Q: 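Quick one: structure below, then a few questions.
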Amino acid sequence: MSSQEFQAAYTSIYSTGTFLLQYLKEFRDGLRIQGDESQGLQSIEDEINKALKALQDQKYQVAVIAAMKAGKSTFLNSIIGADVLASETAACTICRTDVRHIKPGETPKLLEYREGERKPVILVEGDAGEIQQKFLQRTREIREKGNPDNTTRFEIEHPIEAISQLSSLTGFTLVDTPGPNEWESANFNINALKQTALEALRTCNAILFILNYASYKDNAVAELFKDVVENRKDFIAENTGKIYFILNKVDQKTERDKEIADVIKDLERELVGFGFCNPVIYPASSRQGLLAKLIQQEKATDKEIKDFEDFFSAKYAERDEKGRRVIPLPEEIAPRALQDSGIPSIQETVIQRITQNSGWNLLSEVVAELDKAAKAIEDTQNTQIRGWKMGIEALKEKVEDYRRRSENARANIESVKKTVEEQKQTLIKGFSQGINTFANEAKAQIASEIDKIAKSRSANSPKPKKTQQSRQLPPATSDNIGWGQRVGDMGEAVLELIPGFGQSLGRVFKLGASLLDILGESIPQAFSTSASEQIVDSEEFDPCIIRCKTKAEAGKIVETINEFCAPHIHNWWIDTQDELVRDGTNIRKELAKIIQKDIQKISDELSAYLGDALQVKLNINPIQFPSFDFRFSRTYGDIFI
């Protein structure tokens with residue numbers, strides 16, 4: 001269904017809830033006049049208000065991810081309809097930034113969230129230009145000073161033009177995800193990007209991968225997609241519908257380049273090869289879309305109008321009666337240029353996606369809550385009418401009997417709660433044991449392999465030649481270099497009780513051979529295959545010790561090992577974390593079904609008894625069960641349930 005149809009359904013449901021609240025108020029006022037406070041109706045009113053609030057506060061998150069300088073900020077600005085985020089040439093995204101929609105007329109703000117502080121810091125209030133300028137200034141400060149305030153994310157409150165006509169999507173948020181941590185390291189950090197992509201897959205309603213038309217085949221893009229899909233094909237298949245690929249900057253195509261349609265077909269083959277079935281790809285010119293929107297809204301600056309004229313107006317030129325080439329005014333061609341940019345099509349598709357899933361599910365839940373409230377009001381009326389006809393002593397007896405049954409039901413509920421807590425502790429214990437066992441087994445196996453390396457070095461080393469405090473260090477051998485491969489093979493057999501973990505370990509430690517190669521290149525004196533002499537003391541040769549001539553050389557070895565191993569260990573942890581979260585979520589969903597069934601049974605029994613006792617027909621309402629939030633915290637290893 002279209003976004004307009006969703007909006008119509010939303011408006012109808014919200015109006016129904018408002019009318020029901022008004023009726024309930026009148027009903028309660030009438031009872032008060034008769035001296036009946038009817039406290040039970042207060043809870044019904046609270047539930048209606050809660051449902052209507054959920055309707056307004058529902059969050060719809062769309063994550064935008066780019067593996068490189070693909071024009072991510074410009075794309076986001078084109079959706080927002082304002083030049084509020086810094087462009088890629090000015091600064092990279094240093095941490096997550098949420099762009100939250102507010103109503104036109106409200107004051108835009110830039111907020112900064114810091115670790116350990118509950119309330120955000122308001123950096124600036126004003127228009128898009130003021131926010132962008134302050135945002136740039138703040139990102140430069142963080143980049144230059146190393147984030148001393150422990151900033152965790154930013155939030156921009158600003159109208160989003162793409163949903164400006166849809167009051168049903170007031171909780172719409174664009175999530176600008178951090179790309180490579182260029183402000184932390186000169187190296188491309190693919191792990192941070194991978195973690196961002198996996199989090200978005202689990203938590204966001206839609207994910208847009210932005211690819212640069214000129215460089216969509218770069219190694220960084222391929223590495224990201226390979227890592228995201230690896231060992232997750234079933235999970236990716238379940239979430240394919242919310243993944244979109246945006247081929248950005250198609251306006252940079254020259255006459256000598258392939259047609260856009262052919263490029264899209266080529267990209268589609270690439271994505272299918274990575275494991276994305278039937279990928280949805282949209283071409284886009286974000287800059288053209290942004291400038292066209294600004295011109296239509298009469299918010300474009302002189303520079304932005306000039307940019308539009310210089311880069312986009314020419315292709316809309318027409319010939320007059322004398323054959324002269326005439327370029328229309330920017331405001332005349334802006335609507336057509338906006339459509340040609342591809343941005344409106346992307347907006348409509350994404351909005352349709354999130355409303356078809358999360359949106360319609362929410363509407364169904366709210367309708368169920370309102371139906372439940374209406375039936376509860378009806379039950380209250382029927383019970384009161386029947387109670388008036390019943391003798392006071394008989395009514396007291398039935399009330400007392402109901403009280404006893406309620407106590408029994410409460411005991412049953414406590415039993416369910418106890419079961420839930422037991423399952424929760426079992427889940428946490430299982431995760432903790434799994435991680436601890438994995439770590440201990442991994443360390444033990446690694447230690448065993450290191451012992452083998454030491455024995456290999458010792459067996460292959462010549463007898464030391466002692467000459468005035470010097471002797472020969474044994475050369476590196478194929479046995480030495482092969483230890484990483486052996487540890488990797490071992491890793492895949494580790495912990496069969498924890499599927500996937502051993503395989504992850506194998507991938508990490510198969511890199512050991514590469515590490516030795518890198519050490520040999522960076523510190524040739526310590527890993528020379530020649531019979532080089534090194535200054536050592538007179539003690540016997542220890543194959544477990546790498547001997548260096550200077551403290552600087554030893555420090556270089558430590559630095560090389562850390563720089564090489566840390567990203568791979570981080571990558572393994574991301575895989576482990578993702579697997580734990582997905583498995584834990586599935587377990588909890590199954591547990592939720594069991595709990596819901598038990599609680600529903602208790603509720604139905606009480607309702608049936610009450611109806612029989614009072615000789616009225618009561619409505620049996622299904623229990624509205626909340627969804628679970630299951631995630632890992634930002635600090636590795638902490639599990640929140």
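A quick note: this is a predicted structure, and the numbers were derived from the prediction, not measured.
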Q: Does the gap between the ring centers of Phe276 and Phe225 come in under 6.0 Å?
A: yes
Q: Heavy atoms, side chains only, cut-off 4.5 Å: are Gln133 and Gln137 in contact?
A: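 With C-beta onward as the side chain, the pair stays apart.
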Q: Is there a donor-acceptor contact under 3.5 Å linking the side chains of Thr349 and Tyr282?
A: yes
Q: Give a yes or no on whether the ring-centroid distance for Phe154 and Phe135 is below 6.0 angstrom.
A: yes
Q: Within a 6.0 Å radius of atom CG on Asp302, are there more than 12 heavy atoms belonging to other residues, nucleotides or ligands?
A: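 At most 12 heavy atoms, drawn from other residues, nucleotides or ligands, come within 6.0 Å of this atom.
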Q: Is Ile122 close to Leu110 at the side-chain level, that is, under 4.5 Å between some pair of heavy atoms?
A: no
Q: With no hydrogens and no angle check, do the side chains of Thr107 and Glu125 hold a donor and an acceptor under 3.5 Å apart?
A: no
Q: Should Arg100 and Ile160 count as side-chain neighbours, where that means a heavy-atom distance under 4.5 Å?
A: no
Q: Determine the minimum heavy-atom distance between Ala206 and Ile354, stating which atoms define it.
A: CB-CG2, 4.2 Å
Q: With a 4.5 Å limit on heavy-atom distance, are the side chains of Cys204 and Val62 in contact?
A: no
Q: Do side-chain atoms of Thr240 reach the backbone of Ile236 as a donor and acceptor pair under 3.5 angstrom?
A: yes
Q: Do side-chain atoms of Glu238 reach the backbone of Phe235 as a donor and acceptor pair under 3.5 angstrom?
A: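 Not at all, since once roles are kept as given, no pair shorter than 3.5 Å links the two residues.
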Q: For Tyr113 and Lys119: C-alpha separation, side-chain torsions, deciding distance, then whether side chain to side chain contact (heavy atoms under 4.5 Å, CB included) applies.
A: CA-CA 7 Å; Tyr113 288 82; Lys119 293 185 178 181; over 6 Å; no
Q: Would you please test Asp83 and Lys303 for salt bridge (charged side-chain N to carboxylate O under 4.0 Å, His left out) and show each step?
A: CA-CA 12 Å; Asp83 198 6; Lys303 183 182 182 305; over 6 Å; no
Q: For a salt bridge (charged side-chain N to carboxylate O under 4.0 Å, His left out) check, start with the C-alpha distance between Arg96 and Asp98, then their side-chain angles and the critical distance, and finish with the verdict.
A: CA-CA 7 Å; Arg96 169 172 168 157; Asp98 294 347; 2.7 Å; yes
Q: Other residues, nucleotides and ligands only: do more than 12 of their heavy atoms fall within 6.0 Å of CD on Glu117?
A: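 Yes.
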Q: For Leu55 and Leu362, run side chain to side chain contact (heavy atoms under 4.5 Å, CB included): C-alpha distance rounded to whole Å, both residues' side-chain angles, the deciding distance at 0.1 Å, then the answer.
A: CA-CA 7 Å; Leu55 202 59; Leu362 173 67; 4.1 Å; yes
Q: Quick check: closest heavy atoms across Gln347 and Ser78, and the distance to 0.1 Å?
A: OE1-O, 4.0 Å
Q: Can you tell me how far apart OG1 (Thr173) and NE2 (His101) are? Round to the nearest 0.5 Å.
A: 10.0 Å
Q: Between Gln132 and Leu85, is there a donor-acceptor pair closer than 3.5 Å when you use the side chain of the first and the backbone of the second?
A: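 The answer is yes, because a donor-acceptor pair under 3.5 Å joins these two groups.
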Q: Where do Glu304 and Ala300 come nearest, in terms of heavy atoms and distance?
A: OE1-CA, 3.4 Å
Q: Show the nearest heavy-atom pair for residues Leu211 and Ala70, with the distance to one decimal.
A: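 Answer, listing the atom of Leu211 first, then Ala70: C-CB, 3.9 Å.
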Q: Output the distance between atom CG (Leu208) and atom CG (Asn248), rounded to the nearest 0.5 Å.
A: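 The CG atom of Leu208 sits 11.0 Å away from the CG atom of Asn248.
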Q: Under 3.5 Å, is there a donor-acceptor pair linking the side chains of Gln56 and Thr170?
A: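 No, no side-chain donor-acceptor pair sits under 3.5 Å.
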Q: Is the shortest heavy-atom distance from the side chain of Lys109 to the side chain of Val124 under 4.5 Å?
A: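 No - every pair of side-chain heavy atoms lies 4.5 Å or more apart.
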Q: Do Val64 and Thr177 touch side chain to side chain, with heavy atoms closer than 4.5 Å?
A: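 Not in contact.
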Q: Between the side chains of Gln7 and Ser167, does any donor sit under 3.5 Å from an acceptor?
A: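 Judged by distance alone, the side chains do pair up.
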Q: Ignoring hydrogens, what is the shortest heavy-atom contact between Phe6 and Gly359? Give both atom names and the distance.
A: CE1-C, 3.4 Å
Q: Under the criterion side chain to side chain contact (heavy atoms under 4.5 Å, CB included), I'd like the reasoning laid out for Ser286 against Lys249: C-alpha separation, chi angles, the key distance, then a yes or no.
A: CA-CA 7 Å; Ser286 298; Lys249 300 186 180 181; over 6 Å; no
Q: Checking Val280 against Ile243 for the side chain to side chain contact (heavy atoms under 4.5 Å, CB included) test, could you report, in this order, the C-alpha distance in whole Å, the side-chain angles of both residues, the deciding distance, and whether it holds?
A: CA-CA 7 Å; Val280 180; Ile243 301 174; over 6 Å; no
Q: Do Glu106 and Lys103 meet the salt-bridge criterion of a basic N to acidic O distance under 4.0 Å?
A: no
Q: Do the ring centers of Tyr60 and Phe172 come within less than 6.0 Å of each other?
A: no
Q: CD/Glu115 to CG/Asn147 distance, rounded to the nearest 0.5 angstrom?
A: 9.0 Å
Q: Enter the distance from Leu363:CG to Thr355:OG1 here, rounded to the nearest 0.5 Å.
A: 9.0 Å
Q: Does the side chain of Asp251 pick up a donor-acceptor pair with the side chain of Ser285 at under 3.5 Å?
A: yes
Q: Just so I know, are the side chains of Val121 and Leu111 near enough to count as touching, which here means a heavy-atom distance under 4.5 Å?
A: no
Q: Would you say that Cys95 contacts Thr151 through its side chain, given a criterion of any heavy-atom pair below 4.5 Å between the two side chains?
A: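 Yes, at least one pair of side-chain atoms sits under 4.5 Å.
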Q: Looking at Asp46 and Lys50, is any side-chain nitrogen of the basic one under 4.0 Å from a carboxylate oxygen of the acidic one?
A: no
Q: Would you call Glu155 and Arg153 a salt bridge, taking side-chain N to carboxylate O under 4.0 Å as the test?
A: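 Arg153 and Glu155: salt-bridged.
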Q: Say you draw a straight line from OG of Ser3 to CZ of Arg353; how long is it, rounded to the nearest 0.5 Å?
A: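 CZ of Arg353 is found 15.5 Å from OG of Ser3.
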Q: Roughly how far, to the nearest 0.5 Å, is CZ of Phe245 from CD1 of Ile65?
A: 10.0 Å
Q: Looking at every non-hydrogen atom in both residues, tell me the closest pair between Glu112 and Leu123 and how far apart they are.
A: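 Shortest heavy-atom contact: OE1-CD1, 3.5 Å.
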Q: Looking at Lys72 and Ile210, would you say the former's side chain and the latter's main chain have a donor-acceptor pair under 3.5 Å?
A: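 No; zero donor-acceptor contacts below 3.5 Å.
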